[in-house]
Amino acid sequence: MRGLKGAAGAVGLALMLAGCGGGASEPTSETLGKDTGIRYDKSQVPTVRNMTCDRKRGSIRFGLNAHKDDSLPEHKGENDSEDYVCHGPDRISLAVGGRTVTAPHIAAEYDLYGAVPDPLKTVKTVYGKSLAEDDERTLVGEAETVTTKTAAITCQKNVWETFPMTTCLWANHGAVGAVDFFPPAGRHPEIAEAVARTKELIETGLVESPR
């Protein structure tokens with residue numbers, strides 16, 4: 001992380017993750033399909049069950065900065081990158097740097113491109129440059145990668161300072177994103193649940209360009 005971008009708090013795991021596939025022990029994969037030509041005008045405030053989401057406001061940036069892939073065609077239009085935060089019904093606060101701040105349960109970044117020819121290759125590249133090479137994060141266990149028909153998602157448990165996080169990087173054929181899940185009850189959110197939430201963020205946070 002760079003600056004203040006982590007959080008911990010005592011929250012109920014069931015409350016945070018209810019309705020997003022709770023109880024799943026392993027994330028499931030589908031075959032990643034071919035490029036359908038769908039591109040995006042912009043991102044929008046995503047809809048996440050049992051949470052309230054909004055555009056990130058203020059000077060504090062929560063969440064991992066996804067490394068830009070300069071090899072991809074640029075997005076034509078404004079607002080090619082945007083950050084959003086989602087809060088659950090309970091409060092997460094973190095004492096760091098001599099002050100206490102309220103942190104989100106989820107911080108999500110959306111980066112739009114003109115095209116992402118190989119989402120699986122891209123997500124692995126972005127993972128390596130954004131998370132695996134981030135010396136402020138300590139990786140825990142192994143990364144897990146799953147694919148849907150339209151996107152590739154790689155998730156990794158990690159620690160910033162002393163705070164257990166789970167982070168997912170994703171890519172489809174028109175966008176790339178980073179999602180940080182802050183620790184409920186002081187422990188890592190499970191990867192299967194992080195994958196389910198990431199799918200929600202992808203499905204609801206992008207506005208398709210008219211064809």
Side-chain angles (χ1 to χ4, degrees), residues 1-3 5 27 29-48 53 55-56 61-86 106-137 139 142-156 158 160 165-181 191 194-211:
M1 290 185 181
R2 296 167 180 81
K5 291 179 256 181
S29 260
E30 302 173 88
T31 300
L32 181 63
K34 295 181 179 180
D35 187 355
T36 61
I38 293 174
R39 299 295 182 264
Y40 306 102
D41 269 347
K42 60 182 180 180
S43 61
Q44 65 183 1
V45 176
T47 300
V48 179
C53 301
R55 182 170 280 103
K56 190 276 297 181
R61 188 197 189 287
F62 292 102
L64 183 78
N65 280 310
H67 187 278
K68 293 286 189 179
D69 190 336
D70 294 332
S71 70
L72 299 176
E74 292 185 2
H75 174 257
K76 295 181 180 180
E78 299 180 2
N79 299 324
D80 64 338
S81 183
E82 190 67 81
D83 297 330
Y84 302 92
V85 293
C86 299
I106 297 174
E109 174 184 346
Y110 294 79
D111 295 323
L112 307 184
Y113 291 92
V116 182
D118 188 339
L120 187 57
K121 178 182 177 181
T122 294
V123 82
K124 290 180 179 179
T125 299
V126 172
Y127 166 85
K129 294 182 178 179
S130 302
L131 187 60
E133 297 177 8
D134 187 339
D135 59 8
E136 294 186 3
R137 302 248 185 160
L139 305 186
E142 299 294 327
E144 294 190 38
T145 299
V146 300
T147 54
T148 70
K149 292 180 180 179
T150 58
I153 304 168
T154 293
C155 296
Q156 172 79 62
N158 60 92
W160 172 68
M165 312 283 288
T166 298
T167 303
C168 295
L169 289 302
W170 61 267
N172 63 19
H173 285 101
V176 177
V179 189
D180 256 332
F181 296 89
I191 286 180
V195 168
R197 287 295 198 191
T198 300
K199 289 178 181 178
E200 284 187 276
L201 291 162
I202 297 171
E203 290 170 0
T204 65
L206 295 167
V207 178
E208 291 184 18
S209 302
R211 297 199 184 191

Determine, step by step, whether L120 and T145 satisfy the side-chain contact (heavy atoms from CB on, under 4.5 Å) criterion, reporting the C-alpha distance in whole Å, the side-chain angles of both residues, the deciding distance to 0.1 Å, and the verdict. CA-CA 9 Å; L120 187 57; T145 299; 3.8 Å; yes

Minimum heavy-atom separation for [X] to [Y], with atom names?
{"X": "F181", "Y": "A194", "answer": "CZ-O, 3.4 Å"}
{"X": "E133", "Y": "K129", "answer": "OE1-CA, 3.9 Å"}
{"X": "G114", "Y": "R39", "answer": "O-NE, 2.7 Å"}
{"X": "C168", "Y": "I153", "answer": "CB-CG2, 4.2 Å"}
{"X": "H173", "Y": "P119", "answer": "NE2-CD, 3.5 Å"}

Once you round to the nearest 0.5 Å, how far does [atom1] of [X] lie from [atom2] of [Y]?
{"X": "K149", "Y": "K34", "atom1": "NZ", "atom2": "NZ", "result": "15.0 Å"}
{"X": "D118", "Y": "K124", "atom1": "CG", "atom2": "NZ", "result": "9.0 Å"}
{"X": "E142", "Y": "Q156", "atom1": "CD", "atom2": "CD", "result": "7.5 Å"}
{"X": "L169", "Y": "T125", "atom1": "CG", "atom2": "OG1", "result": "10.5 Å"}
{"X": "R197", "Y": "C155", "atom1": "CZ", "atom2": "SG", "result": "13.0 Å"}
{"X": "W170", "Y": "T154", "atom1": "CH2", "atom2": "OG1", "result": "13.0 Å"}

ring-ring contact (aromatic ring centres under 6.0 Å, His included) involving Y113 - partner list, sequence neighbours excluded: none

Should T166 and I191 be marked as a side-chain contact (heavy atoms from CB on, under 4.5 Å) after you check the CA-CA gap, both sets of side-chain angles, and the distance that decides it? CA-CA 7 Å; T166 298; I191 286 180; 4.3 Å; yes

Is it true that a side-chain atom of [X] and a backbone atom of [Y] form a donor plus acceptor pair closer than 3.5 Å?
{"X": "Y40", "Y": "H75", "result": "no"}
{"X": "D111", "Y": "E109", "result": "no"}
{"X": "S29", "Y": "T147", "result": "yes"}
{"X": "S130", "Y": "H67", "result": "yes"}
{"X": "D180", "Y": "A107", "result": "no"}

Among D134, L139, L131, find the one that has a side-chain contact (heavy atoms from CB on, under 4.5 Å) with T167. L131

Just to verify, which of V176, L206, V207 counts as forming a side-chain contact (heavy atoms from CB on, under 4.5 Å) with L112?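 Of all the options given, the one that passes is L206.
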
In terms of heavy-atom contacts, does CD of E74 have more than 12 from other residues, nucleotides or ligands at under 6.0 Å? no

Can you confirm whether more than 12 heavy atoms, excluding those of K68, are under 6.0 Å from its NZ atom? yes

Salt bridge present between E82 and K42 (N-O < 4.0 angstrom):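 A salt bridge is absent here (no side-chain N lies under 4.0 Å from a carboxylate O).
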
Mind checking what makes side-chain hydrogen bond (donor to acceptor under 3.5 Å, both in side chains) contact with T198, not counting sequence neighbours? none

What verdict does the side-chain contact (heavy atoms from CB on, under 4.5 Å) test give for T148 and I202, after you've listed the backbone C-alpha separation in whole Å, the side-chain angles of each residue and the deciding distance to 0.1 Å? CA-CA 11 Å; T148 70; I202 297 171; over 6 Å; no

Taking the side chain as everything from C-beta on, heavy atoms only, tell me whether L64 gets closer than 4.5 Å to R137.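 Contact flag for L64/R137 side chains = yes.
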
Side-chain touch N172/V116, heavy atoms, less than 4.5 angstrom: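 No, too far: nothing below the 4.5 Å cut-off.
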
If you apply the rule side-chain contact (heavy atoms from CB on, under 4.5 Å), what do you find for L201 with V48, and how did you get there? CA-CA 7 Å; L201 291 162; V48 179; 3.6 Å; yes

Can a donor-acceptor pair be found between the side chains of S43 and Y84 at a distance below 3.5 Å?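 Yes, a side-chain donor-acceptor pair sits under 3.5 Å.
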
